[in-house]
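Every value quoted in this text rests on a predicted model; they were computed, and no experiment measured them. Letters A, B, ... are given to chains in the order of the sequence lines, protein chains preceding strands, and every chain is numbered from 1. Reckoned from all heavy atoms, side chains included, excluding hydrogens, waters and symmetry mates.
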Protein chains: 4
Amino acid sequence: MLNRVILIGRLTRDPELRYTPAGVAVTQFTLAVDRPFTSGGSKEREADFINIVTWRQLAETCANYLRKGRLTAVEGRIQVRNYDNNEGKRVYVTEVIADNVRFLESSGGGNREEGGSSNANAGGGYSGGGSGSSNRGGGSREQQDPFIDDGKPIDISDDDLPF
Amino acid sequence: MLNRVILIGRLTRDPELRYTPAGVAVTQFTLAVDRPFTSGGSKEREADFINIVTWRQLAETCANYLRKGRLTAVEGRIQVRNYDNNEGKRVYVTEVIADNVRFLESSGGGNREEGGSSNANAGGGYSGGGSGSSNRGGGSREQQDPFIDDGKPIDISDDDLPF
Amino acid sequence: MLNRVILIGRLTRDPELRYTPAGVAVTQFTLAVDRPFTSGGSKEREADFINIVTWRQLAETCANYLRKGRLTAVEGRIQVRNYDNNEGKRVYVTEVIADNVRFLESSGGGNREEGGSSNANAGGGYSGGGSGSSNRGGGSREQQDPFIDDGKPIDISDDDLPF
Amino acid sequence: MLNRVILIGRLTRDPELRYTPAGVAVTQFTLAVDRPFTSGGSKEREADFINIVTWRQLAETCANYLRKGRLTAVEGRIQVRNYDNNEGKRVYVTEVIADNVRFLESSGGGNREEGGSSNANAGGGYSGGGSGSSNRGGGSREQQDPFIDDGKPIDISDDDLPF
DNA sequence: TTTT
DNA sequence: TTTT
């Protein structure tokens, strides 16, 4: 009914851009999101490592501008996929399907003249066409792992894709 | 850069549907959002009364299905408008521009057969066309109060509108 | 750095209340969160099934008042735990650690006299003591699965717990 | 029932730290939050200017570390206060009561060795004591403008305060 | 393994 | 398998 996530963290490595058999861009990366300090007094700073998936134009923008270590804000929704692995066992994968990504550190290392921060949205406004908040990140075919069938060009039409 | 609000509360009265001079639907209502219990022990339950604005298709859906007292979830962004009032004084108005509204109580009074809860999004997906999460609720012309110039048909084109 | 999730959905089954060896209450349940309608036109309504964990007082309140099928709002943060399963393989588990749960349907089936909706927060204010938004749901010991070592009373002190 | 806001923007000026007659710290600042690009094609970048209020320890931390222009993330809830102004007219003020503020730019101008970003929470964990997510930012006395009765030491006890 |  |  309602499913919204907002995260700020740092990329654990460079983003990975891939394409579905139908040619749709998908970028994945992991955000390290530091937990609040705990009273337990553990020495190491703890973090949650959260997988982020972006599609289409936003995927390409993320692949172009995000790099390992960059501070980044992500807005999206939680998605739980499942697939059967090679031993026939069902595996559950939880990801955040992002529809809004903010680059909180400029590429040059944070100096003001570069602007400091930039934006990227799922969709792309009027000229980009077609994208709707009503179907941000949805799409039935996502149930399959787009990376499982990599190289095996099964039939995915653009209509099946999330936005 | 990032501006997201999620509220659950009850309508203080029936929603009001109006149209801009260009014929675009706008619906306004107020949500009473109860505050968490306080330690201060005040007798009356306190609430914040928050003005909600919806546009276009979502405005019409809200006008059709929401009623005074209904429990409702709203997702959107904070907008601060200002205009000069009749004494020439600048007035600031803070509203939540909703792009997602969830009806948490069915019209019939909560019985299960009616389904219990329903949804409405800004935009409306592919067939609805045109709406994008990248410009949810944006639009420069909103700076003017759409209700100030009511009846005075100044020129607002659909292109100026938020989504 | 920042990690916030808000969900509205229905419980797929009754919540499960358990206790850690140190006697701290933990309640788990799964929310079925319907996805927005897709253009793909699949017949079945799709949903994400998201695991929710609550601790302490909130755990007991959820166990007492939530039931299968109830419409419920959850606010919290994403946590990714991992543990080594019985085959020595590392397993990753993603959950939402809730610090705020809203019961959107009264137990009696939704009639108004019962109040319609109720609230429960992590902590419990001044008299409840000790709980802080700065450490909502944190805690290093959570890294282990509290249900894995069930019945094996290893040493967990209350100080290790999230809030 | 549920009231959550997350914003990322820049301070329009240095934060202002004041104290209530009872000696409780309150800091106010304004965030300029850029709107998403619009199709309307207005030349100037539009922003919403949103008033933020923080209390107690978080107020002091914000006053110490935030400065005009800094990119900042704020998490909190919308509050609508009202008071009667000097002409006897009721004035409504909408603010975000923050319980979590993230400093996304280090004071030194963004260089990496300074760490890049820091955190501040309402409350302050176990040793800080007493803070609870159940009463984040609540409190009946806030209904009066804390700055209206400045210098007029009326009786406000710490117990009346939001967290 | 899933809710309405 | 993790970022600063």
- Measure from the side-chain heavy atoms of C:Y92 and tell me the nearest of E:dT2, F:dT4, F:dT1. F:dT1
- Task: Write down the atom of A:P15, the atom of A:A63, and the distance for their closest heavy-atom approach.
- Result: CG-CA, 4.0 Å
- Query: Rounded to whole angstrom units, what separation is found between the CZ atom of A:F49 and the C1' atom of F:dT3?
  - Reply: 7 Å
- Task: With the side chain of A:T12 defined as its heavy atoms from C-beta on, choose the nearest nucleotide among E:dT4, E:dT2, F:dT3.
- Result: F:dT3
- In whole angstroms, how far is the C1' atom of E:dT1 from the CD atom of C:E16? 12 Å
- List the atom of B:I6, the atom of A:R4, and the distance in Å for their closest heavy-atom pair. CD1-CB, 3.7 Å
- Apply side-chain hydrogen bond (donor to acceptor under 3.5 Å, both in side chains) to C:N86 and list each qualifying residue two or more places apart in sequence or on a separate chain. none
- Message: Could you tell me how far apart C:N3 (CG) and F:dT3 (P) are, to the nearest whole angstrom?
- Response: 18 Å
- Item | With D:T61 via side-chain hydrogen bond (donor to acceptor under 3.5 Å, both in side chains) - residues at least two apart | D:Q57
- Ranking E:dT2, E:dT4, F:dT3 by distance to the side chain of C:R10, first place goes to E:dT4
- Message: Please report the distance, rounded to the nearest Å, between CG in A:D14 and C1' in F:dT3.
- Response: 12 Å
- Take atom CG of A:L31 and atom P of F:dT2, then tell me their distance rounded to the nearest Å. 16 Å
- Query: Is the distance from OP1 or OP2 of F:dT1 to the nearest side-chain N or O of A:R13 less than 4.0 Å?
  - Reply: no
- Item | For atom CG of A:L7 and atom C1' of F:dT2, their distance in whole Å | 16 Å
- Taking atom P of E:dT4 as reference, at what distance in whole Å does atom CD of B:E105 sit? 18 Å
- For A:I52 and F:dT1, what is the distance between atoms CD1 and P respectively, to the nearest whole Å? 20 Å
